[in-house]
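Each remark here refers to the structure printed beneath this line.
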Amino acid sequence: MNNRFIYLDHAATTAMRPEVFEAMQPYFIEKYGNPSSIYSLARDGKKAIEESRDKVAGVLGGRSDEIFFTGSGTEADNWAIKGVAYANKFKGNHIITTSIEHHAVLNTCQYLESDGFEVTYLPVDENGLVTPEQVEKAIKPNTILISIMFANNEIGTIQPISEIGKLARERGIYFHTDAVQAVGNVPINVADMNIDLLSLSGHKFYGPKGIGSLYIRKGVKITSLLHGGSQERGRRASTENVSAIVGLGKAIELATRNIEEQSKKLIALRDRTIEEVMRKIPYVKLNGHMMQRLPGNVNFAFEFIEGESVLLMLDMKGIAASTGSACTSGSLDPSHILLAIGVSPELANGSLRLTFGEENTQEDVDYLLEVLPAIVERLREMSPLYEGVEGGNKSYAV
Amino acid sequence: MNNRFIYLDHAATTAMRPEVFEAMQPYFIEKYGNPSSIYSLARDGKKAIEESRDKVAGVLGGRSDEIFFTGSGTEADNWAIKGVAYANKFKGNHIITTSIEHHAVLNTCQYLESDGFEVTYLPVDENGLVTPEQVEKAIKPNTILISIMFANNEIGTIQPISEIGKLARERGIYFHTDAVQAVGNVPINVADMNIDLLSLSGHKFYGPKGIGSLYIRKGVKITSLLHGGSQERGRRASTENVSAIVGLGKAIELATRNIEEQSKKLIALRDRTIEEVMRKIPYVKLNGHMMQRLPGNVNFAFEFIEGESVLLMLDMKGIAASTGSACTSGSLDPSHILLAIGVSPELANGSLRLTFGEENTQEDVDYLLEVLPAIVERLREMSPLYEGVEGGNKSYAV
Amino acid sequence: MQYSEKVMDHFMNPRNVGIIENADGIGQVGNPQCGDIMKIYLKIEESIIIDAKFKTFGCGAAVATSSMATELVKGRTIEEALKVTNAAVAEALDGLPPIKMHCSILAEEAVKAAIDSYKEKNGLLVEKCDNNACGKNCCNIHHLEKFK
Amino acid sequence: MQYSEKVMDHFMNPRNVGIIENADGIGQVGNPQCGDIMKIYLKIEESIIIDAKFKTFGCGAAVATSSMATELVKGRTIEEALKVTNAAVAEALDGLPPIKMHCSILAEEAVKAAIDSYKEKNGLLVEKCDNNACGKNCCNIHHLEKFK
Ligand SMILES: Cc1ncc(COP(=O)(O)O)c(C=O)c1O
Ligand SMILES: Cc1ncc(COP(=O)(O)O)c(C=O)c1O
């Protein structure tokens with residue numbers, strides 16, 4: 001076994017920063033009061049929540065009273081979509097989204113379809129992009145919501161959010177964006193970008209798990225998803241998770257402080273990885289857009305081999321990565337995202353996602369480039385599909 | 001100011017036990033892997049989640065695959081009620097609950113009423129009890145769900161859950177109980193008590209905030225509330241909040257280990273408080289049932305004074321307590337629970353809830369008994385309603 | 001609930017608690033169902049409020065606004081006192097939480113009611129208020145939309 | 001995904017990888033769309049499997065079950081080999097995660113297909129399978145309800 005450990009799966013989740021943990025710590029045991037209570041013990045927690053809300057608002061360019069804390073990114077997505085759908089169903093029942101959304105959006109839309117809503121799933125091009133024109137064409141008189149992710153979780157493609165926001169606003173249609181992968185990685189401004197609703201999730205930017213936030217522009221008509229007490233100004237019930245809220249605030253502050261510098265660093269790691277892997281390993285395809293791409297995202301499809309095997313071998317070498325395919329998600333189907341950008345099912349099975357984060361270095365890339373070609377080669381040697389390929393017979397079906 | 005601090009608001013929330021925090025700690029920074037990933041980093045988290053699930057199942061008397069983790073008690077309540085309602089709406093649209101449920105249940109039911117469901121809110125007697133006979137009478141051919149809380153959060157009254165469970169099961173109607181206040185305080189067995197769905201919340205028994213659980217008996221037809229990834233066997237999406245899940249497991253284990261002993265201790269504190277306060281302070285009423293009552297719950301209504309004032313003065317003396325009334329909840333209306341047991345609105349405004357927990361002692365009660373009578377007296381002196389009362393004019397409207 | 005230090009001070013050490021025997025004006029507003037009752041007693045000599053006292057049933061803000069209102073009107077002419085608005089009471093307390101603003105209205109109305117009773121007793125009341133929402137009826141105040 | 005140590009061992013150090021030139025029986029099951037292809041080569045002498053090799057495109061479990069299946073059939077008669085069930089393969093690996101059980105079926109079917117090809121070549125095949133779900137078609141296996 002190997003003592004080296006390199007984490008290249010920051011899109012799945014991130015380690016909490018020590019500063020975030022420190023900020024949270026007082027609220028676990030010491031300042032445990034329920035923020036809705038009136039006694040002194042509760043006061044610090046309440047204040048801390050509002051400070052955290054201010055931070056999120058500041059980062060997103062919204063107002064503090066437009067920020068609502070949720071139990072996760074998934075909850076934020078569910079709330080945004082179901083909440084707007086049910087609150088506006090007398091205006092219309094049509095929703096526009098894309099075919100490459102996260103399941104938190106896709107499955108919510110599918111649920112709404114079973115409840116009488118009509119959903120258009122826009123196709124994307126080979127790079128994973130939708131165009132504003134496509135969105136515009138899909139708009140119908142009964143369209144009430146457009147939900148398009150800011151950046152894709154598998155292939156990292158960044159959508160033309162500003163343009164879509166603009167045309168949605170002009171037509172008075174609500175615009176939601178799942179920015180779970182984008183926050184902390186690319187600059188966002190809900191006002192400039194005409195975003196009405198935006199979802200984010202703490203654990204994707206070195207904050208805690210089990211906490212998210214939904215930005216809801218003042219005036220947006222939305223029903224609650226969690227009914228109950230009057231927390232979050234009556235819109236999202238449940239005793240506030242003070243420590244996690246504080247952690248999210250701290251994390252978003254830290255993640256966006258040097259966002260440009262950090263982004264440059266990640267892009268350097270990303271681009272070198274892409275370049276070198278494509279140079280060293282034959283029969284490989286880069287999934288996603290070359291430029292409109294999350295700074296830390298790399299996604300390859302290797303021919304003749306299957307992704308989980310690559311992951312397991314990388315894991316034995318101390319590298320944690322993921323695949324867009326089957327195995328991680330508990331499902332056996334190839335990634336709907338890769339299929340949507342036109343990758344064949346067989347090739348989709350051979351995908352590998354590497355997502356860099358703040359602690360990664362060029363040495364990590366060195367090491368990756370050292371071990372990955374051998375792993376791919378070894379698995380190809382074992383693959384019945386590779387037999388005789390080296391002799392010129394390039395590919396089975398790309 | 002005063003250096004003493006006595007926390008008598010355990011029904012609102014509790015301080016996390018140090019052991020719980022210790023159990024959680026490794027999952028914040030060190031073992032941060034996403035449990036759905038396949039690499040080694042994720043393995044510990046996944047295992048820890050399943051161990052936690054086993055603990056919850058063990059405590060409740062259910063099976064591990066019947067336990068689902070949620071982001072809160074509120075989410076568990078919303079899921080149970082909406083999930084069963086929507087999954088069974090073709091069987092019927094009638095739900096039975098009580099008028100003293102927590103808002104997480106009440107407001108969910110009200111929401112369902114706006115969506116075509118019919119809800120019977122059973123009245124309770126002066127002690128806050130519903131009878132199995134009332135429930136039985138309310139059942140109609142289109143009844144699909146009975147949701148009755150295990151124990152009340154304000155007045156502590158414990159309902160005849162076993163009997164209600166039995167009659168629901170006999171008629172093939174699903175039975176949900178909001179046991180957020182009961183877990184860790186009274187013994188529960190979902191099998192013996194014929195409970196189909198049960199909600200609980202970590203921070204009420206010295207566990208973390210922002211984590212809850214819903215027990216769903218195998219075979220119950222229920223739709224998801226959070227759609228998305230395939231976590232929790234596809235029924236509750238979102239990256240698992242590993243540390244909080246581990247914390248909940250540890251907390252429920254510790255809270256139920258010596259439940260009888262702990263219960264005896266709390267009952268001693270409770271009963272002495274009730275007895276002495278009623279002896280020392282005139283014009284006071286005990287709200288809730290004398291016997292069928294949570295071990296740690298005391299709830300008084302003081303005539304001629306208003307609850308928030310009492311709380312503030314107690315706070316200045318270092319005692320954290322709460323009121324069933326207005327001020328804490330952000331609403332100005334008197335508690336729906338006190339009104340439901342027939343307390344007049346004016347008297348309901350003068351309520352004080354004291355809820356004892358594991359760290360409380362008889363010395364705490366001594367201190368409370370020392371300061372409370374003076375506070376009540378002082379506020380009465382200030383009250384226009386009290387003028388001339390001492391001279392025999394006992395009460396305005398109890 | 002986050003009260004300012006000033007509110008807490010006026011709650012814990014309320015000024016002018018009590019009653020004035022043979023008061024020249026007494027005003028009571030609110031009702032116990034709403035959770036607040038304020039009763040203000042005024043001693044008035046030559047149109048000047050030379051003493052003010054109160055009794056209040058209510059929350060911390062209700063006590064503090066009563067205390068502050070009596071402080072603000074003492075030594076003033078009744079015309080000046082009538083100009084003490086709820087906003088002035090709240091401001092003098094370094095602000096109130098939004099859901100407690102109604103207490104400051106109650107305090108303003110209690111002072112007005114006490115002055116009205118003085119005027120009435122002395123035949124000075126020219127115009128009668130026949131608008132139910134003018135502050136004689138607590139429940140209208142409590143449910144004014146702007147304080148929700 | 002939690003694989004047993006045995007699975008990881010057979011994945012990282014697979015036994016019998018490779019091809020057998022002039023094999024007596026070759027069986028291939030699965031297809032790349034489903035994410036798994038297993039190809040098994042057998043050397044058979046007097047009804048005894050004296051050598052077995054495989055090539056597999058697939059996940060960790062696919063490789064490990066291929067490895068284990070070839071180990072289990074080596075040295076056996078073809079009749080014995082035909083009795084090596086998917087459960088036996090999985091058990092020999094100290095179990096498989098539920099969603100990976102289909103790999104063990106694939107391994108069983110690959111062995112059967114290789115033996116079938118041997119029998120066919122040698123005129124021994126008595127009954128023909130004309131049931132699509134018998135294992136010749138990967139996609140039917142993958143979507144068997146009991147493995148969902
Ligand atoms: C794009 C996107 N949306 C939503 C989610 C859901 O977030 P969470 O798992 O925190 O609920 C994720 C990550 O899992 C994501 O990548
Ligand atoms: C009876 C009852 N049900 C539900 C809840 C909601 O739990 P949470 O605030 O953890 O969501 C509470 C406590 O707030 C409660 O006391």
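In what follows, chains are A, B, ... by sequence order, proteins preceding strands, each numbered from 1.
Atom CD1 of A:Ile305 and atom OG1 of D:Thr56 lie 14.0 Å apart (nearest 0.5 Å). Taking CG from D:Asn31 and CD from A:Glu346, the interatomic distance works out to 7.5 Å, rounded to the nearest 0.5 Å. Of the inter-residue distances, the one linking A:Leu311 atom CG with D:Cys59 atom SG reads 11.0 Å to the nearest 0.5 angstrom. Separation of atoms CD1 (D:Ile37) and CD (A:Glu306) is listed at 11.0 Å; rounding is to 0.5 Å.
Chain A is approached within less than 4.5 Å, heavy atom to heavy atom, by D:Gly60, D:Ala61, D:Val63 from residues 60-76 of chain D, ordered by number.
Side-chain atoms of A:Leu379 and D:Phe57, non-hydrogen and from C-beta on, never get closer than 4.5 Å to each other. Between A:Met382 and D:Lys55 there is no side-chain heavy-atom pair separated by less than 4.5 Å.
Partners of A:Gln110 under the side-chain contact (heavy atoms from CB on, under 4.5 Å) rule, at least two apart in sequence or in another chain, are A:Asn107, A:Glu113, A:Tyr121. Applying the side-chain contact (heavy atoms from CB on, under 4.5 Å) criterion to D:Ile26, with sequence neighbours excluded, gives D:Ala23, D:Lys39, D:Tyr41.
For D:Met38, no part sits under 4.5 Å from any heavy atom of chain A, backbone or side chain.
Residue pairs meeting the salt bridge (Lys or Arg N to Asp or Glu O under 4.0 Å) criterion with at least one member in residues 21-34 of chain D, sequence neighbours excluded: D:Asp24-D:Lys43.
Open room surrounds CD on D:Glu91; 12 or fewer heavy atoms of other groups in view lie less than 6.0 Å from it.
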